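Below is one structure, written out as structure tokens; comments come after it.
Along the sequence shown, residues are numbered consecutively beginning with 1. No experiment lies behind these values; they were computed from the predicted model shown.
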Amino acid sequence: MAGHTDLCFRSAADLARAIAAREVSAAEVMEAHLARIAQVNPTLNAIVTLVPDDARRAAEAADDALARGEPVGPLHGLPVAHKDLTPTRGIRTTFGSPIFRDFVPPDDALIVERLRAAGAITIGKTNTPEFGAGSQTFNAVFGATRNPYDPTKTCGGSSGGAAVALATGMVPLADGSDLGGSLRNPAGFCNVVGFRPSPGRVPIWPSQAAWFPLGVQGPMARSVADAALMLSVIAGPDPRAPISLPEPGGTFRRPLDRDVAGTVVAWSRDLGGLPVDPRVTAVVETGRATLERLGCRVEDEEPDTTGAAEVFQAWRAWYFELCYGALLDDHRHEMKDTVVWNIEEGRRLAGPRLGEAMRAWTVLLDRVRRFLTRYEFLVLPVTQVPPFDVDRPYPTEIDGVPMATYLDWMRSCSDVSVLGLPAIAVPCGFTDDGLPAGIQIVGRQQDDLGVLQLAHAFEQATGAGRRRPPLGAPAG
């Protein structure tokens with residue numbers, strides 16, 4: 001289709017407006033995105049299960065509803081992709097595992113229900129590492145997903161397929177999940193936006209640990225405004241999720257424009273001494289100047305996050321054993337070594353260690369709460385390294401510092417996960433060899449809107465997110 005890339009790189013908000021105004025049909029939008037997938041997905045492997053016939057029928061039904069004058073939702077007619085960890089009724093969901101290679105769930109996850117209720121149309125499933133373990137997207141079912149800015153590099157993870165699909169115009173919106181950085185890490189590696197909302201902001205169902213606050217689901221998009229639009233339909237309370245927050249999702253449909261002059265921001269280069277690749281530091285430092293040009297008062301300061309890594313690793317191990325321990329007993333030979341290790345770490349946990357982790361967690365949360373009475377936001381790098389070779393499972397050292405486990409290289413995200421605060425990855429710029437790097441904005445408890453507002457201001461000031469990947473980039 002001539003000019004299909006023009007539709008594919010329009011914002012989600014603009015596409016939804018144009019469909020609702022009948023300036024373009026949902027069927028045309030769907031065909032454009034299917035053509036885009038056919039163009040770039042064979043190289044990058046972002047969308048691993050595609051449902052084109054169902055998507056076309058749903059797009060035609062969306063146009064028919066408009067022709068009849070029926071009321072429609074804010075995402076009416078928009079193609080959306082769901083992470084392959086997220087159950088989708090009638091559509092294969094593998095969790096990146098050979099054990100579930102042919103699994104078709106009987107029910108939609110709550111986030112899928114809400115997207116469909118808002119008018120979004122499922123186009124397919126995005127690739128993820130096995131059970132979402134690790135910030136590098138590869139698995140034994142579908143293989144690796146490649147970075148659109150350099151296909152020899154990783155796209156990050158675990159929402160890696162979602163980030164690549166967005167960056168290359170295969171979809172305007174995608175969902176993701178985040179335990180240790182899985183919304184933020186791939187966004188940073190692929191020059192898109194990934195928002196980790198406050199725990200409970202987006203209710204999770206089904207769940208094997210309904211009260212567990214470390215894992216969240218959230219939106220990914222090419223802009224902060226589009227991420228907020230998606231959040232507005234997936235946020236809000238639900239009785240199936242006991243930690244869900246009471247505010248309605250519509251809170252996030254208001255304009256994000258805000259005068260941030262005078263806002264006090266804590267600037268951290270390494271979150272208290274984490275090793276960071278100098279190439280990342282060089283890019284992220286330009287973000288400080290941007291915040292200062294916006295009028296923010298930026299100070300070199302960071303909270304004391306002592307104990308965060310130990311808390312994260314203990315509760316992650318507990319969670320992996322809870323979710324996947326029974327599978328290990330019967331399918332060890334079909335599970336990758338890092339998943340096996342994480343489950344076995346969970347089995348080695350004793351009550352006193354979890355008790356100590358909870359005590360340390362409580363003290364940490366109070367320390368950071370006090371810190372954020374002086375600063376409205378904490379800003380730091382999203383990732384400690386730029387995208388690395390796609391054939392490497394994970395970095396084993398950063399700037400000469402060895403990494404003990406497959407989790408240690410992503411502490412700039414996972415330590416923040418433990419804080420229970422909203423955090424967003426926003427494009428900041430590129431290394432000298434053209435690889436993306438992002439900043440991470442962390443806000444006060446449940447100030448999701450404030451985080452989106454500062455991120456929006458930063459995004460508008462830099463324009464870094466408008467730089468498209470060279471693969472199949474739109475003309476001009």
Side-chain angles (χ1 to χ4, degrees), residues 135 176-185 187-188 194-202 204 209 211-218 231 235 243-245 263-274 276 284 299-319 354 356-384 407-426 438-455:
S135 290
S177 56
D178 188 312
L179 181 65
S182 293
L183 283 159
R184 294 161 288 157
N185 168 284
F195 182 43
R196 177 187 167 91
S198 299
R201 180 69 67 199
V202 178
I204 297 178
W211 289 93
F212 188 56
L214 280 184
V216 304
Q217 293 178 332
L231 184 65
I243 68 168
S244 60
L245 299 177
T263 301
V264 186
V265 173
W267 181 264
S268 173
R269 292 174 179 82
D270 56 19
L271 199 59
L274 299 179
V276 180
V284 173
E299 299 180 6
D300 288 314
E301 193 57 271
E302 58 203 5
D304 177 2
T305 56
T306 300
E310 292 77 13
V311 169
F312 176 77
Q313 294 213 14
W315 286 103
R316 180 187 175 96
W318 172 85
Y319 180 77
L354 284 177
E356 179 54 39
M358 183 58 76
R359 282 191 291 270
W361 199 356
T362 303
V363 171
L364 171 64
L365 294 178
D366 191 60
R367 272 204 315 268
V368 175
R369 178 192 63 78
R370 292 173 186 270
F371 176 85
L372 290 175
T373 62
R374 294 183 285 128
Y375 298 94
E376 189 172 352
F377 300 100
L378 168 67
V379 179
L380 69 157
V382 177
T383 61
Q384 295 162 244
L407 301 173
D408 294 76
W409 72 274
M410 49 182 164
R411 283 187 56 191
S412 55
C413 280
S414 62
D415 283 10
V416 170
S417 294
V418 174
L419 306 181
L421 303 172
I424 195 167
V426 188
I439 66 161
Q440 183 176 187
I441 299 172
V442 184
R444 291 170 173 163
Q445 186 176 31
Q446 297 182 14
D447 186 22
D448 301 59
L449 181 61
V451 169
L452 291 164
Q453 288 172 330
L454 181 60

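How far CD of Glu302 is from CG of Leu271: 6.0 Å, rounded to the nearest 0.5 Å. Going from atom CG of Asp408 over to atom CD of Gln313 covers 5.5 Å, rounded to the nearest 0.5 Å. For the atom pair Leu419 CG and Arg367 CZ, the distance stands at 9.5 Å (nearest 0.5 Å). Expressed to the nearest 0.5 Å, how far CG of Leu354 lies from CH2 of Trp361 amounts to 10.5 Å. For the atom pair Glu299 CD and Ser268 OG, the distance stands at 13.5 Å (nearest 0.5 Å). Taken to the nearest 0.5 Å, the CZ atom of Phe377 stands 7.5 Å off from the CD1 atom of Ile441.
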Check: For Leu231 and Val202, what are the C-alpha separation, side-chain angles and deciding distance, and is it a side-chain contact (heavy atoms from CB on, under 4.5 Å)?
Finding: CA-CA 8 Å; Leu231 184 65; Val202 178; 3.7 Å; yes

Checklist line | Derivation and outcome, side-chain contact (heavy atoms from CB on, under 4.5 Å), residues Tyr375 and Val265 | finding: CA-CA 6 Å; Tyr375 298 94; Val265 173; 6.0 Å; no

Notebook entry, point to check: Does the pair Val284 and Arg269 meet the rule for a side-chain contact (heavy atoms from CB on, under 4.5 Å), with working shown?
Noted result: CA-CA 8 Å; Val284 173; Arg269 292 174 179 82; over 6 Å; no

Next item on the list: For the pair Leu364 and Val418, evaluate side-chain contact (heavy atoms from CB on, under 4.5 Å) and give the outcome as yes or no after the intermediate values.
Entry: CA-CA 9 Å; Leu364 171 64; Val418 174; 3.7 Å; yes

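Pro213 and Pro199 make their closest contact through O-CG, 3.4 Å (heavy atoms, listed as atom of the first residue, atom of the second, distance). Between Gly443 and Leu372, the shortest heavy-atom distance links the atoms O-CD1, 3.9 Å. Here the closest heavy-atom approach between residue Ala308 and residue Asp415 is recorded as CB-CG, 3.8 Å.
Proximity of Arg411 to Gln384: side-chain heavy atoms (C-beta onward) are separated by under 4.5 Å at one or more points. Within the 4.5 Å cutoff, no side-chain heavy atoms of Glu301 are placed close to those of Trp267. Residues Ile439 and Pro381 form no side-chain contact, since every pair of their non-hydrogen atoms from C-beta on lies 4.5 Å or further apart. Residues Trp409 and Ser135 form a side-chain contact, since some pair of their non-hydrogen atoms from C-beta on lies under 4.5 Å apart. The closest side-chain heavy-atom distance from Val451 to Gln453 is not below 4.5 Å. Counting heavy atoms from C-beta outward, Ser198 and Leu245 have side chains that approach closer than 4.5 Å.
Partners of Glu376 under the side-chain contact (heavy atoms from CB on, under 4.5 Å) rule, at least two apart in sequence or in another chain, are Arg258, Thr263, Arg444, Asp447. With sequence neighbours left out, Phe212 forms a ring pair (Phe, Tyr, Trp, His ring centres under 6.0 Å) with Trp318, Tyr319.
When atom types are taken as modelled, the side chain of Ser182 and the backbone of Leu179 share no donor-acceptor pair closer than 3.5 angstrom.
Asn185 and Thr383 share no side-chain donor-acceptor pair at under 3.5 Å. In summary, the side chains of Ser417 and Arg184 do present a donor paired with an acceptor at a separation below 3.5 Å, with no hydrogens or angles considered.
Among the candidates Asp178, Leu452, Leu183, the single residue satisfying the side chain to side chain contact (heavy atoms under 4.5 Å, CB included) test with Phe195 is Leu452.
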